[in-house]
There are 2 protein chains.
Amino acid sequence: MAKAAEAKPQHDAPEWAAFYDCLRRKGLRRTSQRDTIFDVFMRSQKHLSSEDLYRRVREMDPKVGFTTVYRTLNLLSECGLAIRSQFGDGLTRYEPGFNTTHHDHLICVECGNVTEFFSAQLEHVQDEIVSRHGFEMQEHSLRIWGMCRACRRNVKSMKKPAASLPHRHA
Amino acid sequence: MAKAAEAKPQHDAPEWAAFYDCLRRKGLRRTSQRDTIFDVFMRSQKHLSSEDLYRRVREMDPKVGFTTVYRTLNLLSECGLAIRSQFGDGLTRYEPGFNTTHHDHLICVECGNVTEFFSAQLEHVQDEIVSRHGFEMQEHSLRIWGMCRACRRNVKSMKKPAASLPHRHA
DNA sequence: GTAGGTGCAAATCCTTTGCAAGTGA
DNA sequence: TCACTTGCAAAGGATTTGCACCTAC
């Protein structure tokens, strides 16, 4: 029903090919909802919650239900086209996972901003740790909470003591 | 009511002093429930969920409610006497935090075992990353999922493909 | 036509809170 | 005494599922 998908001619872009491959491999169908959700997701800023994405999708097509957004995010996660993260606020967040490389996250407890970083040295140290333990690594995640540069300045000038989130889950 | 606390003479051990300090600082009272919960918690294996701890506490004193266990774990977290972790199965896990140093976790996706490790080199790399971004680090957590040595052997000999948890949250 | 997809509503699961009755200082 | 505690029950909040209707193939 929704013409959003048909109205967009960029469906031969590589991420769309990967998406359709994912559907094909799983024997699933192409639908206008899935197209819309994927389109909005790939264009969005990173680290959206399923609710965030749902709201954005509804702007494109108000008939799409939350369940479909939720199930599509699971589907994309399974295909590696979405990457799940949890930053301790109780929400699962997603970022597009096409042609992205592994990275970790700096999370500001003051403003909530998430900064990505990658360190080859860090990866190397991890590899060493893993092999020392006879482990076969499948996935890893380093999260660093603290206060970002901007917030440190603000807090200092406002003479306000640093906020501490009451219930962060490391 | 429960005499468990009175029956145990080791309450002058340093972790108990820290616990009572924590209560005093917060203007809270010493109760038999809190004593029992703290006692069981400090004696337990690491990485218990609140439900796990609740079950163990009930073996000592069946009248203690889940709410009290839950609230006591929050209290201990605030005092640094319990450390929260999440390993991706949706449960918050706790480990005693008295006289412990920071460490990170290797999580086996096959058997669920959690191995702790510490790497000074890793910490050093993190410090560098943080200062490069002008961040003030408050907390950090590295989790590595994979298959432990024992499970790798098992899987190989059973010719069973490696299991992958359906919904891990990195 | 039919297997798969959708979206509403409802269930689940863990976590958190309201409140009346109990208890430590 | 009296504020703090407790534990039941119930609420919250994110996630997941059942099911009747819809739709791509």
Side-chain angles (χ1 to χ4, degrees), chain A residues 1-6 19-20 22-38 48-55 57-58 60-78 82 84-94 165-169, chain B residues 1-6 20 22-38 48-55 57-58 61-78 82 84-94 165-169:
Chain A
M1 294 282 170
K3 311 243 183 43
E6 279 63 40
F19 177 41
Y20 293 143
C22 164
L23 294 177
R24 201 171 309 119
R25 277 199 309 277
K26 288 176 167 279
L28 302 176
R29 293 174 183 164
R30 184 180 163 187
T31 66
S32 72
Q33 288 94 329
R34 283 176 177 156
D35 274 1
T36 304
I37 292 164
F38 184 70
L48 298 94
S49 67
S50 49
E51 264 291 325
D52 290 337
L53 182 58
Y54 172 57
R55 252 179 275 118
V57 165
R58 289 199 79 118
M60 293 283 290
D61 182 353
K63 296 181 301 310
V64 177
F66 173 78
T67 308
T68 303
V69 172
Y70 167 78
R71 284 195 267 231
T72 302
L73 280 170
N74 275 356
L75 170 64
L76 294 174
S77 291
E78 286 162 22
R84 262 192 272 256
S85 304
Q86 302 207 133
F87 298 139
D89 61 357
L91 291 175
T92 300
R93 292 170 185 283
Y94 301 83
L165 295 186
H167 270 151
R168 206 130 29 75
H169 299 296
Chain B
M1 295 281 170
K3 312 243 181 44
E6 279 65 40
Y20 293 143
C22 165
L23 294 177
R24 201 171 309 120
R25 277 198 309 276
K26 288 174 168 281
L28 303 176
R29 293 174 184 164
R30 184 180 162 186
T31 66
S32 71
Q33 289 95 330
R34 282 177 178 157
D35 273 2
T36 304
I37 293 164
F38 184 69
L48 298 93
S49 66
S50 49
E51 266 290 324
D52 290 337
L53 182 58
Y54 172 58
R55 253 180 272 118
V57 164
R58 289 198 79 116
D61 181 354
K63 297 181 301 309
V64 177
F66 173 78
T67 307
T68 304
V69 171
Y70 167 79
R71 282 195 270 232
T72 302
L73 279 171
N74 274 355
L75 170 63
L76 294 174
S77 292
E78 286 163 23
R84 262 191 272 255
S85 303
Q86 303 208 131
F87 299 140
D89 61 358
L91 291 174
T92 300
R93 290 169 187 285
Y94 301 84
L165 295 186
H167 269 151
R168 208 127 32 73
H169 298 297

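Every chain is numbered from 1 and lettered A, B, ... according to where its sequence line falls, protein lines coming before strand lines.
A:L23 places its CG atom 20 Å from the P atom of C:dA3, with the value rounded to the nearest Å. The CZ-P distance, from B:R93 to C:dC13, rounds to 16 Å in whole Å. The nearest whole Å value for the distance from the CD atom in B:Q86 to the P atom in C:dT15 is 8 Å. Look at CZ on A:R25: it is 18 Å from P on C:dG4, rounded to the nearest Å. Taking atom CG on A:D61 and atom P on C:dT6, their separation rounds to 11 Å, with Å as the unit. For the pair B:D35 CG and D:dT6 P, the computed distance is 10 Å after rounding to whole Å.
With rounding to the nearest 0.5 Å, the separation of OG in B:S50 from CZ in B:R84 is 10.0 Å.
Residues A:D52 and A:R93 meet the side-chain proximity criterion, which asks for heavy atoms closer than 4.5 Å. Between A:R30 and A:F19, the closest side-chain pair of non-hydrogen atoms is not below 4.5 Å. Looking at A:R34 and A:L75, their side chains come closer than 4.5 Å, going by heavy atoms from C-beta outward. With contacts defined as side-chain heavy-atom distances shorter than 4.5 Å, the pair B:D61/B:I37 does not qualify. For the pair A:Y20 and A:D35, the minimum side-chain heavy-atom distance is below 4.5 Å.
Under 3.5 Å, the side chains of B:S77 and B:N74 contain no donor-acceptor pair of N or O atoms.
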Could you go through nucleotides 1-4 of chain D and list every protein N or O atom that sits under 3.5 Å from one of its N or O atoms, giving the distance for each pair?
{"from": "D:dA3", "atom 1": "N3", "to": "B:R29", "atom 2": "NH1", "distance (Å)": "3.1"}
{"from": "D:dA3", "atom 1": "N3", "to": "B:R29", "atom 2": "NH2", "distance (Å)": "3.2"}
{"from": "D:dC4", "atom 1": "O4'", "to": "B:R29", "atom 2": "NH1", "distance (Å)": "3.2"}
{"from": "D:dC4", "atom 1": "O4'", "to": "B:R29", "atom 2": "NH2", "distance (Å)": "3.2"}
{"from": "D:dC4", "atom 1": "O2", "to": "B:R29", "atom 2": "NH1", "distance (Å)": "3.3"}

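If you run side chain to side chain contact (heavy atoms under 4.5 Å, CB included) between B:Y94 and each of B:L73, B:L48, B:L76, only B:L73 comes through.
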Can you give one letter per nucleotide of nucleotides 7-14 of chain D, going 5' to 3': B for a protein heavy atom under 4.0 Å from the base, S for sugar-phosphate only, - for none? BBB----S
